[in-house]
**Q** 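What follows is a single structure, and I will ask about it in a moment.
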Amino acid sequence: MHDIRFIREKPAFFDKALARRGLGSVALQLAELDQRRRAAQTAFQEMQAKRNEASRQIGEVKKQGGDAAAQLAEVAALKEALGTAEIQEKALGKEIDDLLMGIPNLPADDVPDGKDETANVELRRNGKPPVFSFAPLEHDAIGERLGLMDFGAAAKLSGARFVVLKGALARLERALAAFMLDLHTGENGYTEINPPFLVRDEALFGTGQLPKFGEDLFRANTGHWLIPTAEVPLTNLVQGEIVDEAQLPLRMTALTPCFRSEAGAAGRDTRGMIRQHQFSKVELVSIAHPDASAAEHERMTACAEMVLQRLGLPYRVMALCCGDMGFSAMKTYDIEVWLPGQNCYREISSCSNCGDFQARRMNARFRGAGDKGTRFVHTLNGSGLAVGRTLVAILENYQQSDGAVLVPEALRPYMGGLDRIVPHV
RNA sequence: GGAAGGGUGGGUGAGUGGCUUAAACCAGCGGUUUGCUAAACCGUCGUAGGAUGUCAAGUCCUACCGGGGGUUCGAAUCCCCCCCCUUCCGCCA
């Protein structure tokens with residue numbers, strides 16, 4: 001959500017930034033609506049002032065037993081105009097809000113230009129893709145050969161885009177999640193949170209999924225929404241709050257299932273575990289001081305990278321261009337993991353600094369010691385990491401010619417000491 | 001699901017139609033006093049929007065007591081709907 005005053009004061013700057021996202025100009029239209037709204041408001045308020053004064057007189061006259069007919073007539077004359085003025089002012093306000101709510105965050109200055117993922121900029125690589133003496137398989141073939149990944153069974157239960165994991169692969173999923181949480185809570189300073197997976201409209205509005213992207217979500221018959229990411233409950237923990245400046249940054253992590261309807265993704269990644277209606281993810285969220293959010297963004301990305309380093313998975317870090325960023329982000333880094341079976345890098349984490357965009361929607365503020373007023377916090381979120389896709393990466397990078405899959409050293413304590421997963425008989 | 005009680009500024013909490021311009025206290029901020037600290041005393045202290053003004057200071061106005069609607073000349077206060085919290089009952093892992 002943008003500040004209408006900012007748009008009013010710097011319309012050219014605002015439109016220029018939106019143009020980098022490939023969007024047309026709206027600032028002049030908004031400024032014009034805003035001016036009409038303020039004029040309507042002034043007219044309305046002047047009438048209210050008159051009415052209040054007359055009402056006050058009525059009270060006085062009546063108390064002294066007099067006849068207040070003149071004042072009553074004055075108020076009656078005002079009544080109709082007052083009603084229409086109020087309606088007009090509210091209608092203009094709603095028109096402005098509806099427009100504002102649909103406008104994405106402005107990209108930060110250092111975000112690369114470009115309209116789609118082909119313009120993203122690679123920042124760094126880590127780890128070398130493994131060399132195989134055989135043609136590496138994709139993860140679903142590996143999982144099915146192990147007898148521990150069953151898409152047919154999942155289809156029977158739930159339809160397409162679901163999976164059933166069994167035995168060592170089910171445990172591997174659990175091990176990965178536990179490993180990530182231990183790393184982020186034990187070494188990276190995040191507090192573990194176990195949030196609700198069903199949330200109200202307000203929470204999704206705060207983080208920016210609503211009102212525009214309801215199509216991508218699942219909704220329960222109670223009106224609750226299934227969370228598409230733990231970003232929603234974690235970030236909304238500060239909704240409506242005034243945090244002490246000394247407590248910033250708040251760093252939170254959570255393991256949750258994520259539910260996405262994948263509307264509009266028909267035909268994309270239909271095979272395998274890459275794109276599912278349900279997956280688990282360890283999420284990182286920071287509530288930061290505005291002056292510290294850029295550094296926090298780098299730190300968060302490094303925390304996510306650390307997971308891949310410990311697991312020995314090759315990856316690269318991409319700076320998303322303006323056109324490829326999500327609605328609420330002012331700057332985003334994607335981490336892409338190497339998948340030998342697909343012979344390409346695939347997104348496994350996305351770390352975004354949302355600036356004050358979500359904070360404004362949520363009314364999340366902080367106050368410095370002794371400060372009179374409050375300021376909006378900055379919010380950041382990142383995957384640390386998507387558990388399902390990490391499992392995919394392990395299967396593909398650690399596959400052996402005999403059909404077994406090695407367990408990365410870091411995970412062995414979480415796997416009861418198991419060092420390799422072998423085909424199930 | 002049933003019943004009852006609640007939701008008021010940063011916090012506690014008073015307020016049953018005009019005396020509220022939301023009391024009081026706490027916290028905060030400024031000051032006085034003071035070897036230091038503490039205490040005491042005095043002052044100040046909500047948010048948003050608008051008008052005016054030199055993009056200032058200031059002055060004035062409006063709205064805001066969980067959200068929305070209604071009654072009324074006038075609503076924190078009365079009525080209706082919704083949300084949330086607490087307690088009890090029922091059901092339940």
Side-chain angles (χ1 to χ4, degrees), chain A residues 1-13 30-98 100-101 194-206 210-211 219-225 233 236-248 356 359-377:
Chain A
M1 177 82 102
H2 293 285
D3 183 0
I4 186 70
R5 277 177 302 181
F6 178 83
I7 297 172
R8 190 198 302 161
E9 281 159 23
K10 298 183 175 174
F13 178 93
L30 274 166
E32 195 260 342
L33 277 171
D34 180 51
Q35 190 181 343
R36 282 171 55 203
R37 195 197 94 244
R38 282 183 297 159
Q41 189 177 28
T42 302
F44 177 50
Q45 289 182 352
E46 278 169 2
M47 281 187 259
Q48 283 184 123
K50 269 190 210 166
R51 182 207 59 193
N52 290 348
E53 173 57 20
S55 291
R56 199 186 57 77
Q57 288 175 9
I58 291 168
E60 254 170 43
V61 169
K62 282 197 169 173
K63 206 191 310 177
Q64 292 162 8
D67 177 12
Q71 286 83 357
L72 283 167
E74 188 186 347
V75 173
L78 269 172
K79 193 161 190 181
E80 196 180 335
L82 208 55
T84 54
E86 183 176 12
I87 288 164
Q88 212 172 47
E89 200 240 320
K90 280 193 175 172
L92 283 164
K94 183 173 183 327
E95 198 176 338
I96 291 166
D97 283 348
D98 286 351
L100 279 179
M101 271 175 223
N194 198 323
F197 308 151
L198 293 170
V199 297
R200 305 150 56 96
D201 294 3
E202 287 83 349
L204 286 155
F205 177 81
L210 291 181
R219 192 163 205 196
N221 63 3
T222 51
H224 290 99
W225 301 84
N236 276 286
L237 282 174
V238 293
Q239 172 198 113
E241 299 291 322
I242 298 173
V243 183
D244 277 346
E245 185 176 20
Q247 291 188 304
L248 299 177
D356 65 6
R360 210 178 280 285
R361 295 168 85 95
M362 292 189 300
N363 196 26
R365 296 165 291 167
F366 72 93
R367 190 200 310 272
D371 278 357
K372 208 175 159 195
T374 56
R375 294 170 66 190
F376 290 112
V377 297

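The chains referred to below are lettered A, B, ... by the order of the sequence lines, with proteins before strands, and numbering in each begins at 1.
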**Q** Roughly how many Å apart are B:U71 and B:G17, using the C1' atom of each and rounding to a whole number?
**A** 12 Å

**Q** Sticking with atom P, work out how far B:C79 lies from B:A22, rounded to a whole angstrom.
**A** 24 Å

**Q** My understanding is that a pair needs two contacts under 3.5 Å, Watson-Crick or G-U wobble. By that rule, which nucleotide pairs with B:C78?
**A** B:G70

**Q** Let me know the distance between CD of A:Gln35 and P of B:G49, rounded to the nearest Å.
**A** 17 Å

**Q** Taking pairing as Watson-Crick or G-U wobble with both contacts under 3.5 Å, can you name the mate of B:A39, or confirm there isn't one?
**A** none

**Q** Within this structure, what is the CG-to-P distance between A:Leu82 and B:G74, rounded to whole angstrom?
**A** 9 Å

**Q** Scan every strand shown for a Watson-Crick or G-U wobble partner of B:U59, both distances under 3.5 Å, and answer none if you come up empty.
**A** B:A51

**Q** Across all strands shown, which nucleotide pairs with B:G46 by Watson-Crick or G-U wobble geometry, both distances under 3.5 Å?
**A** B:C64

**Q** For atom C1', what is the distance between B:G43 and B:U86, given to the nearest Å?
**A** 40 Å

**Q** Are A:Asp3 and A:Asp356 side-chain neighbours, meaning at least one heavy-atom pair lies under 4.5 Å?
**A** no

**Q** Please report the distance separating the C1' of B:C73 from the corresponding atom of B:G58, rounded so that it comes out in whole Å.
**A** 34 Å

**Q** Can you check the distance between B:U87 and B:G30, where both ends of the measurement are the C1' atom (answer in whole Å)?
**A** 45 Å

**Q** Indicate yes or no: does A:Glu46 engage A:Lys50 in a salt bridge with an N to O separation below 4.0 Å.
**A** no

**Q** Between A:Asp201 and A:Arg219, is any pair of side-chain heavy atoms under 4.5 Å apart?
**A** yes

**Q** Is there a side-chain contact between A:Arg36 and A:Leu33 (heavy atoms, below 4.5 Å)?
**A** yes

**Q** Find the partner of B:C25: check Watson-Crick (N1-N3 plus N6-O4 or O6-N4) and G-U wobble (N1-O2, O6-N3) distances, both under 3.5 Å, and reply none if neither fits.
**A** B:G11

**Q** When the P atoms of B:G50 and B:C41 are considered, how many whole Å apart are they?
**A** 41 Å

**Q** Side-chain contact, heavy-atom cut-off 4.5 Å: A:Ile4 with A:Ile96?
**A** yes

**Q** Does B:C84 have OP1 or OP2 under 4.0 Å away from a side-chain N or O of A:Arg200?
**A** yes

**Q** Taking atom P in both B:G70 and B:A14, compute the distance separating them and give it to the nearest angstrom.
**A** 31 Å

**Q** Any side-chain heavy-atom pair from A:Leu82 and A:Phe44 closer than 4.5 angstrom?
**A** yes

**Q** Whole-Å distance between B:G50 P and A:Ile96 CD1?
**A** 10 Å

**Q** In whole angstrom, give the distance that lies between atom CZ of A:Phe44 and atom P of B:A63.
**A** 8 Å

**Q** Closest to the A:Thr42 side chain: B:G18, B:G10, B:G50?
**A** B:G50

**Q** Tell me whether the OP1 or OP2 atom of B:C61 has a side-chain N or O from A:Arg38 closer than 4.0 Å.
**A** no

**Q** For B:G49, take OP1 and OP2 only and decide whether either is under 4.0 Å from a side-chain N or O of A:Arg5.
**A** yes

**Q** B:G50 phosphate, OP1 or OP2: any side-chain N/O from A:Arg8 under 4.0 angstrom?
**A** yes

**Q** Compare side-chain N and O positions of A:Asn52 against OP1 and OP2 of B:G74 and report whether any pair is under 4.0 Å apart.
**A** no

**Q** Would you mind pulling out the nucleotide paired to B:G90, Watson-Crick or G-U wobble, both distances under 3.5 Å?
**A** none

**Q** Can you tell me whether the side chain of A:Gln45 and the base of B:G49 have a donor-acceptor pair closer than 3.5 Å?
**A** yes

**Q** Would you indicate which nucleotide in B:C83, B:A63, B:G50 comes nearest to any side-chain atom of A:Arg51?
**A** B:A63

**Q** Salt bridge (Lys or Arg N to Asp or Glu O under 4.0 Å) for A:Lys94 and A:Asp97? Distances and angles first, verdict last.
**A** CA-CA 5 Å; A:Lys94 183 173 183 327; A:Asp97 283 348; over 6 Å; no

**Q** Looking at every strand, decide which applies to A:Ala49 at a 4.0 Å heavy-atom threshold: base, sugar-phosphate, or nothing.
**A** sugar-phosphate

**Q** Can you tell me if the side-chain N/O atoms of A:Lys90 get under 4.0 Å from OP1 or OP2 in B:G49?
**A** no

**Q** Could you identify the nucleotide paired to B:U20, looking across every strand shown and requiring Watson-Crick or G-U wobble geometry with both distances under 3.5 Å?
**A** none

**Q** If the C1' atom of B:A40 is compared with that of B:U33, how far apart are they to the nearest Å?
**A** 9 Å

**Q** Grab the CD-C1' distance between A:Gln48 and B:C73 for me, whole Å please.
**A** 14 Å

